[in-house]
**Q** 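Would you mind keeping the following structure in view while I ask a few things?
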Amino acid sequence: MDYIKEQITQWLKEILVGGITSNLSGLFDSVNQRVGEISTQVGQTPQGWNSGVFNMIHNLSETVILPIAGLILAFVMTLELIQLIADKNNLHDVDTWMFFKWIFKTACAILIVTNTWNIVMGVFDVAQSVVNRASGVIVGNTSIDITSVTADLETRLMAMDLGPLFGLWFQSLFIGVTTWALSICIFIITYGRMIEIYLVTSVAPIPMATMTNREWGQMGQNYLRSLFALGFQAFLIIICVGIYAVLVQGIAAETDIIAAIWGCMGYTVLLCFTLFKTGSLAKSVFNAH
């Protein structure tokens, strides 16, 4: 009877050990790949990320949005002229210099609107230069390496009791699903930011048409703040990845399999959470609402 019980236990152990080994094999490969792509993705300008999408957005901005911006500019500058004249005691105190002032402001507004695309792309060129310099300084090896922890894994697992093995199998299965979800989250953050950039830049001429007006100018100023926030969000992302790279290097010194795996999971979840927060943090820095 004991022999049969021992054989059944051995058979269950082999099944669980095989399942655990399979679950842990390449467990963090997808996460390592996504994290490794972050510095490359956020360090690219809108034109460098996807030239096809960039050209489409550029054409839409020039052919669809720019004429609307011209109409808004005409309305805003007409309102500006009316305010300049009305402010001078109902036309009893009208100086010629105010017309030169209005002409100068209108010329500046037209110059800004016609060069909106160059201004917007210049913001992201500056941000890319900062990100590229930062990535060469603070980003190290971001790959999670648990090979030292899982050395002689099957031998160590076979020495465990059946109960802990079953718990470890369940945990490895759960962690495998979680890492897959985390890799998707990282993909959404990095690619979603670029899509947001394309959406924001597509309507750039409209808020930029209001820059020189006293009352409407807040729209253009807030738009510029949001552009800088989007651009320098990449710098905050690079810092997050650099911190993550330092933290995961301590995993190799861990001797407990479960502690090492859950430590990797904790660092990856922390990375995803901080990546989500970089957008709101960048906006708060530039006061973009």
**Q** Would the distance check show the side chain of N115 and the main-chain N or O of N118 forming a donor-acceptor pair, the cut-off being under 3.5 Å?
**A** no
**Q** Output the distance between atom CG (N222) and atom CG (L227), rounded to the nearest 0.5 Å.
**A** 11.5 Å
**Q** How long is the gap from CG on L111 to OG1 on T106, to the nearest 0.5 Å?
**A**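 Answer rounded to 0.5 Å: 12.5 Å.
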**Q** Do V200 and V53 sit in the same hydrophobic cluster, where Ile, Leu, Val, Met, Phe, Trp and Tyr count as joined when their side-chain heavy atoms come under 4.5 Å apart?
**A** yes
**Q** Counting C-beta onward and ignoring hydrogens, is there a side-chain heavy-atom pair between L60 and S202 closer than 4.5 Å?
**A**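 No, every pair of side-chain atoms sits at 4.5 Å or beyond.
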**Q** Treat each ILVMFWY residue as a node, draw an edge where side-chain heavy atoms are under 4.5 Å apart, and state whether I110 and I68 are in one component.
**A**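 Yes, it is one cluster - the side chains of I110 and I68 are joined through contacts under 4.5 Å.
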**Q** Which residues pass the side-chain hydrogen bond (donor to acceptor under 3.5 Å, both in side chains) test with T45, sequence neighbours left out?
**A** none
**Q** Do the two ring centres, one from W117 and one from F124, sit under 6.0 Å apart?
**A**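 Centroid distance W117-F124: not below 6.0 Å, so no.
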**Q** For residues V120 and A204, report the shortest heavy-atom separation together with the two atoms involved.
**A** CG2-CB, 3.7 Å
**Q** Using a 3.5 Å distance criterion without hydrogens, assess whether the side chain of Y198 forms a donor-acceptor pair with backbone atoms of P46.
**A**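 Such a contact is found between Y198 side chain and P46 backbone.
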**Q** Compare all side-chain heavy atoms of L224 with those of M211 and state whether any distance is below 4.5 angstrom.
**A** yes
**Q** Do V126 and Y223 sit in the same hydrophobic cluster, where Ile, Leu, Val, Met, Phe, Trp and Tyr count as joined when their side-chain heavy atoms come under 4.5 Å apart?
**A** yes
**Q** Do Y191 and W49 have their ring centres less than 6.0 Å from each other?
**A**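 Here the rings of W49 and Y191 have centres that are less than 6.0 Å from each other.
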**Q** Do the non-hydrogen side-chain atoms of K105 and C108 ever get within less than 4.5 Å of each other?
**A**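 Not touching, per the 4.5 Å side-chain cut-off.
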**Q** P207 and V203: which non-hydrogen atoms are nearest, and at how many Å?
**A** CD-O, 2.9 Å
**Q** First locate atom CE of M208, then atom OG1 of T114, and finally report the distance between them rounded to the nearest 0.5 Å.
**A**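 So the gap between those two atoms works out to 10.5 Å.
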**Q** State the CD1-CD1 distance between I206 and I72, to the nearest 0.5 angstrom.
**A**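 I206 atom CD1 to I72 atom CD1 measures 4.5 Å (nearest 0.5 Å).
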**Q** Determine yes or no for a side-chain-to-main-chain donor-acceptor pair under 3.5 angstrom, with S129 supplying the side chain and D125 the backbone.
**A**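 It does not hold such a pair.
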**Q** Got R193 and I237 here, is their nearest side-chain heavy-atom distance under 4.5 Å?
**A**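 SC-SC contact between R193 and I237 confirmed.
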**Q** Does any N or O in the side chain of S51 come within less than 3.5 Å of the main-chain N or O of Q47, such that one atom is a donor and the other an acceptor?
**A**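 Between the backbone of Q47 and the side chain of S51 there is no qualifying donor-acceptor contact (under 3.5 Å).
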**Q** Just say parallel, tilted or perpendicular for the rings of F232 and F228, cut-offs at 30° and 60°.
**A**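 Judged by the thresholds at 30° and 60°, the geometry between F232 and F228 is parallel.
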**Q** Measure across T116 and P205 and return the closest heavy-atom pair with its distance rounded to 0.1 Å.
**A**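 Reported closest heavy-atom pair: CG2-N, 3.7 Å.
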**Q** What's the spacing between Q233 CD and I189 CD1 if we round to 0.5 Å?
**A** 9.0 Å
**Q** Is there a path from I195 to V131 through hydrophobic residues (I, L, V, M, F, W, Y) whose side chains come within less than 4.5 Å of each other?
**A**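 Each belongs to a different hydrophobic cluster.
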**Q** Would you check if the side chain of T78 reaches a backbone N or O of A74 as a donor-acceptor pair within less than 3.5 Å?
**A**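 It does hold such a pair.
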**Q** As an exercise, state the distance from CE of M194 to CG of L230, rounded to the nearest 0.5 Å.
**A** 9.5 Å
**Q** Assess whether side-chain contact (heavy atoms from CB on, under 4.5 Å) is satisfied between F235 and Q128, documenting all intermediate values.
**A** CA-CA 9 Å; F235 178 70; Q128 182 200 21; over 6 Å; no
**Q** With a 4.5 Å limit on heavy-atom distance, are the side chains of H58 and T201 in contact?
**A**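 Of all side-chain heavy-atom pairs linking T201 with H58, none is under 4.5 Å.
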